[in-house]
Amino acid sequence: LGGRKEKMENYGLRIMFGPNTHFSFEGKISFSHRDSDFLELFDSVTELLVEKFSLADFDLLFIPGSATIGAESVIKSSGSKISFPNTEGKFNQRWISISRNYGKLGDNSEGAISMGCTLETSLSRHYSSRFDIVDAISSFPYYNIPEGCKSFITCFNKQIGSFVGLSLVGIRKDSWNLFEASNEFSYLDLLRYKDYSSLSQTPTTTAVHIFSHLRNLLADFDLERLRERIDTNSRILVESLGEGDIIGDPIGPVITVPKKIIPVDLASRWSLYGTTSDSEVIQFFTYSCPDEKYQLFADEFKSYGIALNE
């Protein structure tokens, strides 16, 4: 009962420094996803993504749901077997499992195309290896989409700071030969999204409010400012927590430490990411909360150490 009670006491608390950005939203939607207003909105968001992140070489497909759905659609639509040069971490293992489920798992001897994470969040580690299919879910846009990749998957609710519920798949315009039409009717078929995107639409009912919020965000989005925030907040946390206790990269979108180094009452009061799970680590995503919160937490953590040594 103790674990259940702890979870109940934490209901209603806002997870601090988690992977999804905190924001407030006020808006009015008075048109449908099939209205001309939405077609204009769809084109505007696409153009801003191309302009802000240099994605002109890709066809951009908006897939409803989490980025996991976007990744599954890429795996299912692949016309080739998929290999995984790097098998470390929770998310690489997730894509391996999904590939196996669809009969897509292969190796280089079968002429497979490669897939992997540029930032394996579970290990808090960035990889510079080149993959044909790139999981850029946690890395983008702090890390650019790697040159030469054939496809990438990301989302908008993390570093971009919009709503959960919309993923982005990019297919390099000269790489559609790697993907095939499904023999069965499926909303994971990327070619359906390509056909609809040429009409400035999506195959399914679209969350219009996400596109509206996203357009406003992208219009004022400053990539260098985001990178500066992530770097600064990383340094604040590392200086406070101690570089020797950092797991993985000491600078980047996620800072990971052993759960045991953070006092339980401090972790609970701040509702840190990983506090109420079975994980052995606490993670801080360095873009999701107002910058001053990182300094406030760092100062409070340091004050605990001072008190313990007195």
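All figures in this text were calculated on a predicted structure; none of them were measured in a lab.
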Q) Testing Phe140, Tyr142, Phe152, Tyr143 for ring pair (Phe, Tyr, Trp, His ring centres under 6.0 Å) with Phe53, which one passes? A) Phe140
Q.
Using side chain to side chain contact (heavy atoms under 4.5 Å, CB included), reason through Lys52 and Leu223 one step at a time and then give a plain yes or no.
A. CA-CA 8 Å; Lys52 294 285 184 176; Leu223 180 54; over 6 Å; no
Q: Using a cut-off of 6.0 Å, state whether more than 12 heavy atoms not belonging to Gln93 lie near its atom CD.
A: yes
Q) Taking only residues two or more places apart in sequence, or in another chain, which ones meet Phe156 in a ring pair (Phe, Tyr, Trp, His ring centres under 6.0 Å)? A) none
**Q.** Residue pair Phe38 / Ser200, side-chain heavy-atom distance below 4.5 Å
**A.** no
Q. Do Trp95 and Phe84 have ring centroids that are under 6.0 Å from one another?
A. no
**Q.** Interatomic distance, Leu272 atom CG to Met16 atom CE [nearest 0.5 angstrom]
**A.** 8.5 Å
Q: Kindly give the heavy-atom pair with the smallest separation between Ser288 and Gly18, and that separation in Å.
A: OG-O, 2.7 Å
Q) Do Asp265 and Tyr304 have side-chain N/O donor and acceptor atoms under 3.5 Å apart? A) yes
(Q) Can you tell me how far apart CD (Glu47) and CZ (Arg215) are? Round to the nearest 0.5 Å. (A) 10.5 Å
(Q) Applying the side chain to side chain contact (heavy atoms under 4.5 Å, CB included) criterion to Leu190, which one of Ile171, Asp195, Asp59 satisfies it? (A) Ile171
**Q.** Straight-line distance of Met115 CE to Cys149 SG, nearest 0.5 Å
**A.** 11.5 Å
Q.
Is the shortest side-chain heavy-atom distance between Ser97 and Arg94 below 4.5 Å?
A. no
Q. Any donor and acceptor pair, going by atom type alone, linking the side chain of Gln159 with main-chain N or O of Ser138 inside 3.5 Å?
A. yes
Q. Is the number of heavy atoms from other residues, nucleotides or ligands under 6.0 Å of Lys293 NZ greater than 12?
A. no
(Q) Would you say that Leu178 contacts Asp132 through its side chain, given a criterion of any heavy-atom pair below 4.5 Å between the two side chains? (A) no
Q) Just wondering, are more than 12 heavy atoms of other shown residues or ligands nearer than 6.0 Å to CD in Glu147? A) no
Q | Stepwise side chain to side chain contact (heavy atoms under 4.5 Å, CB included) check, Phe301 with Leu237 | A | CA-CA 10 Å; Phe301 179 81; Leu237 290 170; over 6 Å; no
**Q.** Full working for side chain to side chain contact (heavy atoms under 4.5 Å, CB included) between Ser78 and Tyr102
**A.** CA-CA 10 Å; Ser78 174; Tyr102 284 111; over 6 Å; no
Q: Among residues two or more places apart or on two chains, list those pairs meeting salt bridge (charged side-chain N to carboxylate O under 4.0 Å, His left out) that have a residue in residues 246-256.
A: none
Q: Rounded to the nearest 0.5 Å, what's the gap from CD1 on Ile145 to OG on Ser151? Could you check?
A: 9.5 Å
(Q) I'd like to know if the side chain of Ser240 and the backbone of Ala298 have a donor-acceptor N/O pair within less than 3.5 Å. (A) yes
Q | Cluster check Leu55, Leu218: I/L/V/M/F/W/Y, side chain < 4.5 angstrom | A | yes
Q) Which residue pairs satisfy the salt bridge (charged side-chain N to carboxylate O under 4.0 Å, His left out) criterion with at least one member in residues 172-183, sequence neighbours excluded? A) Asp57-Arg172, Lys104-Glu180
Q) So which heavy atom on Ser139 is nearest to which on Ala136, and how close? A) OG-CA, 3.2 Å
Q) Rounded to the nearest 0.5 Å, how far does CD of Glu300 lie from CZ of Arg269? A) 4.0 Å
Q: Classify the side-chain pair Gln295/Asp291 by whether it contains a donor and acceptor separated by less than 3.5 Å.
A: no
Q: Would you check if the side chain of Glu120 reaches a backbone N or O of Asn92 as a donor-acceptor pair within less than 3.5 Å?
A: yes
Q. According to a 4.5 Å side-chain heavy-atom criterion applied to Ile, Leu, Val, Met, Phe, Trp and Tyr, with indirect links allowed, do Ile210 and Leu49 form part of one hydrophobic cluster?
A. yes
Q.
Would you say the rings of Phe211 and Phe62 are close, in the sense that their centroids are separated by under 6.0 Å?
A. yes
**Q.** Student check: side-chain heavy atoms of Arg130 and Pro146 closer than 4.5 Å
**A.** no
Q) Taking Ser73 for the side chain and Gly70 for the main chain, is one N or O donor matched with an acceptor at less than 3.5 Å? A) yes
Q. Is the side chain of Ser212 donor-acceptor paired with the backbone N or O of Val208 at a distance under 3.5 Å, no angle test?
A. no
Q: Provide the closest heavy-atom pair for Val257 versus Ile247 in the form atom of the first, atom of the second, distance.
A: C-CD1, 4.0 Å
Q. Is a side-chain donor or acceptor of Thr275 paired with a backbone partner of Ser271 at a separation under 3.5 angstrom?
A. no
Q. Does any N or O in the side chain of Thr118 come within less than 3.5 Å of the main-chain N or O of Asp135, such that one atom is a donor and the other an acceptor?
A. yes
Q. Among the clusters formed by ILVMFWY side chains lying less than 4.5 Å apart, do Ile255 and Phe297 turn up in the same one?
A. yes
Q: Report yes or no: does Ser197 contribute a side-chain atom to a donor-acceptor pair with the main-chain N or O of Tyr193 at less than 3.5 Å?
A: yes
Q.
Testing the basics here: between Pro253 and Leu119, what is the closest heavy-atom pair and its distance to 0.1 Å?
A. CG-CD2, 3.9 Å
Q.
Less than 3.5 Å apart, any donor N or O on the side chain of Tyr273 or Asn20 sitting next to an acceptor on the other?
A. no
Q | Closest non-hydrogen atom pair between Leu226 and Pro141, with its separation | A | CD2-CG, 3.7 Å
Q) So Phe179 and Leu191, side chain to side chain contact (heavy atoms under 4.5 Å, CB included) or not? Walk me through it. A) CA-CA 8 Å; Phe179 299 92; Leu191 288 172; 5.5 Å; no
Q) Within 45° of the ring axis of Tyr187 and under 6.0 Å from its six-membered ring centre, is that where the NZ or CZ of Arg192 lies? A) yes
Q: Check whether Tyr127 and Ile82 end up in the same hydrophobic cluster, where Ile, Leu, Val, Met, Phe, Trp and Tyr are linked by side-chain heavy atoms less than 4.5 Å apart.
A: no
(Q) How close do Ser234 and Thr286 get, counting heavy atoms only, and between which atoms? (A) OG-CG2, 3.6 Å
Q.
With heavy-atom distances below 4.5 Å as the criterion, would you say the side chains of Ile236 and Asn233 are in contact?
A. yes
Q.
Looking at Ser167, is its backbone amide N or carbonyl O close enough to the side chain of Ser66 to form a donor-acceptor pair, meaning the two atoms are under 3.5 Å apart?
A. no
Q. Nearest 0.5 Å, what's the CG-CD distance between Asp231 and Glu224?
A. 9.5 Å
**Q.** Donor-acceptor pair, side chain of Thr154 and main chain of Leu168, under 3.5 angstrom
**A.** no
Q | Audit row: Phe42, Tyr196, ring-ring contact (aromatic ring centres under 6.0 Å, His included) steps and yes/no | A | CA-CA 11 Å; Phe42 183 103; Tyr196 271 84; over 10 Å; no
Q. Under a single-linkage definition using a 4.5 Å side-chain heavy-atom cutoff for Ile, Leu, Val, Met, Phe, Trp and Tyr, are Ile137 and Val134 assigned to the same hydrophobic cluster?
A. no
Q) Checking ring pair (Phe, Tyr, Trp, His ring centres under 6.0 Å) against Trp270, which of Phe17, Tyr294, Phe284 comes through? A) Phe17
